[in-house]
Trainee: 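I'd like to ask some things about the structure below.
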Amino acid sequence: MKRVLIVSATMGEGHNATGRALEEAVRRQWPEAEVAWRDTLEVMGTGVGPLFRWIYVSNVRNTPWLYEYFYRSLWRHRWFATASKRFVGRWCGPRLGREIARYRPDLVLSTYPLGTAGLAWLRRHHRLPVPAGAWISDFAPHPFWVYGEIDLNLVMHECAVPPALACVPGAKVAVSAPPVRAGFRPGDATAARHRLGLPPEAFIALVSCGSLGFGDVEDAAKELLAAHPDVVPVVVCGRNDALLRRLRPLAARQPRLRLLGWTDEMPAYTVAADVVVTNAGGATGLEALACGRPVLMHRPIAAHGRANAELMERAGLAVVCARDGELAQAVRTLITQPDRWKAMAEAAQQHCDRTGTLADGLLTLAGTGSGMP
C-alpha cells in the first residue's frame, strides 16, 4: 500500500479516534505508506459540519424522542433507510470522488457512516476502483452504517454480525479487533494508579461520556460516591467545561471524587480503572473492551446509545443501569462478588484474543481485489 485514505468526521471525537487507531495500524503494517484524511462533513460543504453537530447535540440533549424516532424508522421502514442513504450518498459521493481522484489512494478506510454512503455511491457509479472498507465503531450496527457496495463492513463483536446482515442482507461483514490506539491494552493497574496518583486499594470507577460529556454525568458521580466507601469516581469531562464547573462543588465536598477535563492519559486511566462507566458504547466502550475492563452503561443516550448498551450486555461485556440506583447496585455487586467482575473482564479479554489485531482487518480488505464489481 502506497497511499491510504481515511474518511472520517469530527462529530465529537469517536470517529476520529477510530481513524487514528487505523492510521497507527497502517503505519505498523506498511511503514512506507502515506496516509491522508478527509473529513466527510467538510467535503459535503461549508457549514455542514457545524450544522450537523448542532443537530446531533440538540437531538441528544433536548429532543431524544425525535432522535429515537428517526433511528427506529431506519429499522422499521427499509424504503426510508434506503432513500436516506441514497440521498446522502448522492450529496457526498461526487464531492468525495473529487478528493479520491486527486489523492489516488490504494485503500480507503471509512469510520463515518455518511462517508461510507458516499463511497457506496462512487462504487455504484464505477468511480471507486480500489478496496474500501468501513469500521463500524458503534457496538450495535444500524442501517445507516452498513453498505452492500463496499468490500468489507467491520463490526465490533460476533453478536453484531446478525444485526449488520439484517440491515443489508448479503453485505460483506467481518469482526474487527477493537479499533483503538495501541495504548489501550491490558496493563498493570497498580503501576498505572501509582503514576496517576490514584489510591492503590480503591475501587476505581472511570466515568467517560465522550469528548462532549453527554448525559447524566453528575448523577452518575453522586451514585458512585453513595455506592460504597471504597469507590473513587474519576470523571472525565472532556471538552465540556460547563460540566467540569458544575461538578467542582461536589468534588470540594467529596474528596474521593476526581475530576479531569480533556486528557491524553485515557489509556492509563482505563487500565487503572476497575470499571468504565459510560452511556453510548462507542469509542469509550471499545477502549474499555481492549483493556479488559467491564462496562457499566448508565442511562444510555437515545437510539444508538441504547442499542449499543443492550448488545454489549447481551455479549456479557456490560451491565445496563437505566434507572435510579442501578449504577450504585451494580458497583456494589462487583465489589462484593469479585467473580462477577472477573467473568466480565475475562469475556472482554477473550474477545480481543479471538479477533486478533487491526492489521488482520486491513490485510483482509486489501486482499479483496480492485474493488470494482
Side-chain angles (χ1 to χ4, degrees), residues 7-9 11 14-15 18 40 52 56 59-60 66-93 96 108-124 128 131-179 280-283 285-286 300-315 317-318 351 355 361 364-365 368 371 373:
V7 178
S8 186
M11 183 68 76
H15 300 287
T18 300
T40 302
F52 276 37
Y56 174 64
N59 276 338
V60 171
L66 182 60
Y67 187 37
E68 188 76 40
Y69 179 78
F70 175 76
Y71 181 84
R72 297 301 171 194
S73 295
L74 290 173
W75 279 105
R76 288 174 183 154
H77 308 295
R78 191 177 295 275
W79 67 266
F80 177 69
T82 301
S84 299
K85 292 161 75 172
R86 291 292 180 108
F87 173 78
V88 171
R90 179 65 184 83
W91 182 1
C92 177
L96 188 57
V108 182
L109 316 176
S110 177
T111 71
Y112 186 57
L114 275 61
T116 313
L119 297 175
W121 185 93
L122 290 169
R123 179 60 55 74
R124 287 195 301 273
L128 184 62
W135 268 258
I136 300 174
S137 53
D138 274 327
F139 202 83
H142 57 71
F144 232 115
W145 263 121
V146 184
Y147 292 82
E149 297 89 345
I150 65 168
D151 299 287
L152 203 57
N153 298 269
L154 290 123
V155 298
M156 300 298 104
H157 195 274
E158 296 90 342
C159 68
V161 173
L165 292 173
C167 296
V168 181
K172 294 171 280 293
V173 178
V175 179
S176 171
L286 297 178
I301 63 173
H304 75 290
R306 290 176 185 163
N308 289 337
E310 290 167 5
L311 198 60
M312 285 193 78
E313 185 172 54
R314 201 180 311 160
L317 303 171
H351 169 68
T355 54
T364 299
L365 177 61
T368 58

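Computed from a predicted model, the values in this text were never measured in an experiment.
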Trainee: List the atom of G305, the atom of P300, and the distance in Å for their closest heavy-atom pair.
Mentor: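 It is O-CB, 3.7 Å.
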Trainee: Test your reading of the model: is there a side-chain donor-acceptor pair from N59 to the backbone of L66, 3.5 Å cut-off?
Mentor: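 Not at all, since once roles are kept as given, no pair shorter than 3.5 Å links the two residues.
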Trainee: Please find the pair of heavy atoms, one from G93 and one from L122, that lie closest to each other, and give the distance.
Mentor: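 Scanning both residues, the minimum pair turns out to be O-CD2, 3.4 Å.
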Trainee: Of the non-hydrogen atoms in T368 and P131, which two are nearest, and what is the gap between them?
Mentor: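 Nearest pair, atom of T368 first, then P131: OG1-CB, 3.5 Å.
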Trainee: Can you measure from CG (L152) to OG (S110) and round to the nearest 0.5 angstrom?
Mentor: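 So the gap between those two atoms works out to 12.5 Å.
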Trainee: Can you check whether H15 reaches P113 side chain to side chain, under 4.5 Å on heavy atoms?
Mentor: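 Yes, their side chains come closer than 4.5 Å.
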Trainee: Excluding sequence neighbours, so at least two apart, what forms side chain to side chain donor-acceptor pair (under 3.5 Å) with T40?
Mentor: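 Scan of T40 (side chain to side chain donor-acceptor pair (under 3.5 Å), adjacent residues dropped) gives none.
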Trainee: Applying side-chain contact (heavy atoms from CB on, under 4.5 Å), can you list everything that pairs with V168, at least two apart in sequence or on another chain?
Mentor: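 K85, V146, A171.
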Trainee: Between the side chain of N308 and the main-chain N/O of A140, is any donor-acceptor distance below 3.5 Å?
Mentor: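 Here the side-chain-to-backbone pair exists.
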Trainee: Report the distance from atom CH2 of W121 to atom SG of C92, rounding to the nearest 0.5 Å.
Mentor: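 Answer for the CH2-SG pair, W121 versus C92, is 10.0 Å.
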Trainee: Who passes side-chain contact (heavy atoms from CB on, under 4.5 Å) against Y56, sequence neighbours left out?
Mentor: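 Listed in chain order: M11, V60, Y67, F214, I301, H304.
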Trainee: Going from CG on L365 to CG on N153, what distance comes out if it is rounded to the nearest 0.5 angstrom?
Mentor: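 Reported to 0.5 Å precision, the distance equals 10.5 Å.
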Trainee: Search all heavy atoms of A160 against all heavy atoms of V155 and return the closest pair with its distance.
Mentor: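 Closest pair (atom of A160, atom of V155, distance): CB-CB, 3.8 Å.
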Trainee: What residues form a side-chain contact (heavy atoms from CB on, under 4.5 Å) with A315, not counting sequence neighbours?
Mentor: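 Here the qualifying residues are F139, H157, C159, L317.
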Trainee: Which atom names give the shortest non-hydrogen contact between P163 and W75, and what distance separates them?
Mentor: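 In this case the closest contact between P163 and W75 is O-CH2, 3.6 Å.
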Trainee: With no hydrogens and no angle check, is any side-chain donor or acceptor of R123 less than 3.5 Å from a backbone partner on I150?
Mentor: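 Checked: no pair found.
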Trainee: Evaluate side chain to side chain contact (heavy atoms under 4.5 Å, CB included) for Y112 paired with T18, printing each intermediate quantity in order.
Mentor: CA-CA 9 Å; Y112 186 57; T18 300; over 6 Å; no
Trainee: Please enumerate all residues that pass side chain to side chain donor-acceptor pair (under 3.5 Å) together with R124, with sequence neighbours excluded.
Mentor: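 Result, side chain to side chain donor-acceptor pair (under 3.5 Å) vs R124: E149.
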Trainee: Applying ring pair (Phe, Tyr, Trp, His ring centres under 6.0 Å), name anything that partners F52, two or more places apart in sequence or on another chain.
Mentor: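 Partners of F52 by the ring pair (Phe, Tyr, Trp, His ring centres under 6.0 Å) criterion, ordered by chain and then number, come out as W91.
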Trainee: If a pair satisfies salt bridge (charged side-chain N to carboxylate O under 4.0 Å, His left out) and one of its residues is in residues 166-177, list it, with sequence neighbours excluded.
Mentor: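 Residue pairs passing salt bridge (charged side-chain N to carboxylate O under 4.0 Å, His left out), neighbours aside: none found.
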Trainee: Only counting residues at least two apart or in another chain, list the ones meeting side chain to side chain donor-acceptor pair (under 3.5 Å) with E68.
Mentor: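 Expected list: R72, R306.
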Trainee: Can you list the residues that meet the ring pair (Phe, Tyr, Trp, His ring centres under 6.0 Å) rule with W135, with sequence neighbours excluded?
Mentor: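 Result, ring pair (Phe, Tyr, Trp, His ring centres under 6.0 Å) vs W135: none returned.
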Trainee: Mark yes or no for whether D151, through its side chain, and A132, through its backbone, hold a donor-acceptor pair below 3.5 Å.
Mentor: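 Yes.
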Trainee: Which distance, rounded to the nearest 0.5 Å, do you find between the CG of L74 and the CZ of R76?
Mentor: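 Reported to 0.5 Å precision, the distance equals 11.0 Å.
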Trainee: Would you please name every residue forming a ring pair (Phe, Tyr, Trp, His ring centres under 6.0 Å) with F70, sequence neighbours left out?
Mentor: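 In terms of ring pair (Phe, Tyr, Trp, His ring centres under 6.0 Å), with neighbours along the sequence ignored, F70 is linked to F80.
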Trainee: Mind checking side chain to side chain donor-acceptor pair (under 3.5 Å) for S8 and listing every partner two or more places apart, or none if nothing turns up?
Mentor: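 Side chain to side chain donor-acceptor pair (under 3.5 Å) check on S8 returns N16, T111.
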Trainee: Which heavy atom in A166 sits nearest to a heavy atom in P169, and how many Å separate them?
Mentor: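 Taking every non-hydrogen atom into account, O-CD, 4.1 Å.
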Trainee: Looking at side-chain heavy atoms only, is the closest gap between T116 and F144 below 4.5 Å?
Mentor: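 Not touching, per the 4.5 Å side-chain cut-off.
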Trainee: Report the C-alpha separation of D138 and W145 in whole Å, then their side-chain angles, then the decisive distance to 0.1 Å, and conclude whether the side chain to side chain contact (heavy atoms under 4.5 Å, CB included) test is met.
Mentor: CA-CA 9 Å; D138 274 327; W145 263 121; 2.9 Å; yes
Trainee: In chain order, what residues pass the side-chain contact (heavy atoms from CB on, under 4.5 Å) check against T355, with sequence neighbours excluded?
Mentor: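 Listed in chain order: V175, A177, P178, H351.
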Trainee: Under 3.5 Å, is there a donor-acceptor pair between the side chain of R78 and the main chain of C167?
Mentor: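 Yes: the side chain of R78 pairs with the backbone of C167.
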